[in-house]
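Notes for the one structure printed next.
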Number of protein chains: 2
Amino acid sequence: MKRRVTLKHIAKELDVSVSTVSKALKNSEEISRETKEKIQAFAKLYNYRPNNIALSLKNKKTKNIGVIIPDIVHHFFTTVFRGIEHYAGERGYNVMICVSDESFEKEVLNMELLANGSIDGIIMSLSAETQERNDFNHLQEIMDQGIPMVLFDRVSDEVACDKVILNDIEIAFEAVETMINSGKRKIALVTTESYFNVSSDRAQGYEKALISNDLQLEKNLVLTLPYESEDEIPIWEFFESNEIDAVLCVNEIFAIKCMDVVQRQGKKVPEDISFIGFTNGILSRYSTPKLSTVAQHGERMGETAAKLLIDRIENDLEGNYKTEVISATLIHRDSTIN
Amino acid sequence: MKRRVTLKHIAKELDVSVSTVSKALKNSEEISRETKEKIQAFAKLYNYRPNNIALSLKNKKTKNIGVIIPDIVHHFFTTVFRGIEHYAGERGYNVMICVSDESFEKEVLNMELLANGSIDGIIMSLSAETQERNDFNHLQEIMDQGIPMVLFDRVSDEVACDKVILNDIEIAFEAVETMINSGKRKIALVTTESYFNVSSDRAQGYEKALISNDLQLEKNLVLTLPYESEDEIPIWEFFESNEIDAVLCVNEIFAIKCMDVVQRQGKKVPEDISFIGFTNGILSRYSTPKLSTVAQHGERMGETAAKLLIDRIENDLEGNYKTEVISATLIHRDSTIN
DNA sequence: TATTAACACGAAACCGTTTTCGCTGCCCTT
DNA sequence: AAGGGCAGCGAAAACGGTTTCGTGTTAATA
């Protein structure tokens, strides 16, 4: 119904100039006390709020940050997002969110949409397709336009910007070593395609742990699963045709599915076979047995990313890109011994 | 590094006026072919993109919609959000998202932030605190300002606007009746505080089903749990001190927790006791046994909400508020008989 | 040859703010 | 009485676009 009241309306109504109104509302010394009181009272009465769009245009600052994530229905990303949202809110920023659906094309589209002035900076995690194609021109363009950008979790060495990552190698190493120390010897890895930087890092940690404990590195103890699939057969065969007494999974779902399969095959978890998964989501807390996991501290990751971004937006940092490493922690539940 | 190129830059460089550039880029008939070609080539070369902020100011349309949800790390809300994002994207809208964290104060703050010109309309689900306080002035103010708003799932009768809800009463009725038909007689309800409209609707459906099947409506077969709590004792006692052979839970987590408790008490699911939960999330699919649930079709809910909102933004509908009802469906897994 | 229509472009207003600068009066000083 | 200083306010530019309404040039027509 009612149109929003603007400075111009107030000015006309009170028979002063727009500039006077603007100054009065900022309590400028330049304006007499009585004029200020009159204007402020009027503004309050009509619930005046400065128009953000006009401010953005004038200041060339939108106080918005854009977030592009591959999937919103995904525990890890939502926790990261929560961290971003909280931190950004504290510093007066709003968050626009786009979902790439793991698609390269949608990622590019989203970036173009956001980059047209709507946001002061971007936080993103690469889509699966982007990692597979290894094509980062769209990121480079954003950087060239001088729009600050922070990459988290799924990052790439090929683009120079601030990054927030997990110490994937170290924590995978630690996870595997924990299982070795509890007496396990035939340790498997269940992972995704290796173009995911996180998967290859975790594989690296897995291998290092085996080697440093004088264990054989066996190719057939590594199972590569498609990112999303309901097909259980490869899992079933994998655990039937190999003697395995411990498993590291690069995500929670893989771990739950594998645990389910081996239990149906008559093995006991963790006595016969231990499990550790990445992503400390709800599934881990409610599975049977409760899954031991690597907590990725998504919320802290999000906060860190937001801090890096906003710092760069507000201060001109001239390159000097930082990579912050979030330390994961191992959470022992009932799928590992001790 | 490089500043974004504007119409003014192009105009100066090509020695024409800003208006000519603007028209040329819109392929206006008014401009000669050669001039248009020259300008378009130049624009492409320097990767000109119109500034969204300037457009928003001029058109008084931002092509942004705001979404306020109580929690982002929550399966149902993320699926709704995905629906919103998809549909909005198709119609050329971006999404700004705010999280109220179930807090009244944050909800109000978020609305004020969004309402200052950043968005063309709002989609929201009420925070727990807002429902508890029963205070909707902030919603009314938004409506008074003429900003279109759509409420979903957690709605209130006290505010007149478009709404999207689930047929909670009917589906709860159906769920309970299904269990009755499989021979169950002592049917419990595990719910949250009744100021959640969805909980009270589900309770209503539960009661109606009992009554219409000539079963006793027993107060002590209703367990009210705090919204988030790790305390297991009330659950344990509830199932120990009552003879119960079937349970309807108003959310997934409650169901999983209860199933866990009764199984540790030595009862068999579903033979001794059946379970149906609301929210068809990942937990339901991977619990032991797999939980039978009410699928709320969050994605469709989100799409519907977005459609209602955008239709209202783009056409002046003058009141005539609609309430769309999404039909939930019962998914039978292993926590119910047959 | 004078009038006119079509063509191709420019000037300016506008969206809502902020901010710089300049212009009035008025009072005080000498 | 003249000049200086200051308090209080307004005009205008700027942010980056769109759009309406001229306006000058050329070619066609009477």
Side-chain angles (χ1 to χ4, degrees), chain A residues 2-40 42-43 46-64 113 115-120 145-147, chain B residues 2-40 42-43 46-64 113 115-120 145-147:
Chain A
K2 292 147 87 182
R3 239 8 295 124
R4 287 186 65 78
V5 40
T6 71
L7 291 187
K8 204 189 279 187
H9 295 143
I10 302 183
K12 179 179 287 180
E13 208 65 30
L14 261 42
D15 212 41
V16 290
S17 79
V18 173
S19 11
T20 304
V21 178
S22 175
K23 292 169 190 162
L25 292 177
K26 318 207 88 174
N27 236 321
S28 158
E29 291 302 320
E30 227 177 308
I31 309 296
S32 73
R33 207 173 49 80
E34 36 185 356
T35 310
K36 279 198 288 196
E37 280 172 359
K38 184 179 63 177
I39 292 177
Q40 287 168 3
F42 190 92
Y46 285 90
N47 195 29
Y48 168 79
R49 307 273 159 206
N51 181 321
N52 263 339
I53 300 290
L55 286 179
S56 297
L57 184 58
K58 181 116 243 297
N59 303 334
K60 292 164 159 270
K61 290 283 168 201
T62 62
K63 286 275 186 178
N64 289 155
L113 248 146
N116 289 343
S118 307
I119 46 95
D120 297 340
Q145 283 182 43
I147 301 178
Chain B
K2 292 145 89 181
R3 233 22 284 126
R4 287 186 66 77
V5 39
T6 70
L7 289 188
K8 206 190 278 188
H9 295 143
I10 303 183
K12 180 178 286 179
E13 208 67 30
L14 261 40
D15 211 42
V16 290
S17 79
V18 175
S19 9
T20 304
V21 178
S22 174
K23 291 170 192 163
L25 293 177
K26 320 207 87 174
N27 236 322
S28 160
E29 292 302 320
E30 228 176 308
I31 308 297
S32 71
R33 209 173 47 82
E34 37 186 352
T35 310
K36 279 197 288 194
E37 279 172 0
K38 183 178 65 176
I39 292 177
Q40 287 170 2
F42 190 93
Y46 285 91
N47 195 27
Y48 168 80
R49 307 272 157 206
N51 180 321
N52 263 340
I53 301 291
L55 286 179
S56 296
L57 184 58
K58 180 113 242 293
N59 302 334
K60 294 164 160 268
K61 289 282 170 202
T62 62
K63 285 274 185 179
N64 289 155
L113 247 146
N116 289 343
S118 307
I119 45 95
D120 296 340
Q145 283 181 44
I147 300 178

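Quick note on labels: first sequence line is chain A, next is B, and so on, each numbered from 1.
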Problem set entry | Value in whole Å for how far the P atom of C:dT19 lies from CG of A:L25 | 13 Å
Exercise. CG of B:N27 versus P of C:dA8: gap in Å, rounded?
Worked result: 13 Å
For this session: Rounded to the nearest angstrom, tell me the gap between atom NZ in A:K8 and atom C1' in D:dG10.
Result: 15 Å
Problem set entry | Short side-chain N/O contact to C:dC14 OP1/OP2 from B:K60, under 4.0 Å | no
Exercise. Hey, are B:R33 and B:E37 close enough for a salt bridge, meaning a charged N less than 4.0 Å from a carboxylate O?
Worked result: yes
Exercise. If only side-chain N and O atoms of B:S32 are considered, is one of them under 4.0 Å from the OP1 or OP2 phosphate oxygen of C:dC9?
Worked result: yes
For this session: Find out whether B:N51 and B:R4 are in side-chain contact, i.e. whether some heavy atom of one side chain is under 4.5 Å from a heavy atom of the other.
Result: no
Exercise. How long is the line joining CD of A:E30 and P of D:dC6, in whole Å?
Worked result: 14 Å
Problem set entry | Phosphate OP1/OP2 of D:dG16 contacted by B:T6 side-chain N/O (<4.0 Å) | no
For this session: Would you mind classifying the nucleic acid contact of A:S19 as base, sugar-phosphate or nothing, using non-hydrogen atoms under 4.0 angstrom?
Result: base
Exercise. Whole Å only: how far is the CG atom of A:N51 from the P atom of C:dT18?
Worked result: 10 Å
For this session: Measure the distance from OH on B:Y46 to P on D:dG16 and round it to the nearest whole Å.
Result: 18 Å
Seminar exercise, completed: Value for CD1 (A:I10) from CD (A:Q40), rounded to nearest 0.5 Å, stands at 10.5 Å
Exercise. If you look at every strand shown and take non-hydrogen atoms under 4.0 Å, does B:K58 touch a base, only sugar-phosphate, or nothing?
Worked result: base
Exercise. What nucleic acid atoms does B:S22 come within less than 4.0 Å of, heavy atoms only: base, sugar-phosphate, or nothing?
Worked result: base
For this session: Assign B:L55 to base, sugar-phosphate, or nothing according to its heavy-atom contacts below 4.0 angstrom with the strands shown.
Result: sugar-phosphate
Problem set entry | Residue whose nearest DNA chain C nucleotide is more 5′ - B:D15 or B:N59 | B:D15
Exercise. Taking OP1 and OP2 of C:dT18, is either one under 4.0 Å from a side-chain nitrogen or oxygen of A:K23?
Worked result: no
For this session: Select base, sugar-phosphate, or nothing to describe what B:R49 touches, counting heavy atoms under 4.0 Å on all strands.
Result: sugar-phosphate
Exercise. Could you state the CG-P distance from A:L7 to C:dC14, rounded to the nearest angstrom?
Worked result: 16 Å
For this session: Answer yes or no: is there a side-chain heavy-atom contact under 4.5 Å between A:K63 and A:N52?
Result: no
For this session: May I ask you to evaluate whether B:T20 reaches the phosphate of C:dC9, defined as a side-chain N or O under 4.0 Å from OP1 or OP2?
Result: no
Seminar exercise, completed: Side-chain contact check for A:Y48: nearest option of D:dT18, C:dT17, C:dG16 is C:dT17
Exercise. What does A:S56 touch in the nucleic acid at a heavy-atom separation under 4.0 angstrom: a base, only the sugar-phosphate, or nothing?
Worked result: nothing
Exercise. Given atom NZ of B:K12 and atom C1' of D:dG16, what is their separation to the nearest angstrom?
Worked result: 14 Å
Exercise. Given side chains that start at C-beta, do those of B:E13 and B:V5 come closer than 4.5 Å, heavy atoms only?
Worked result: no
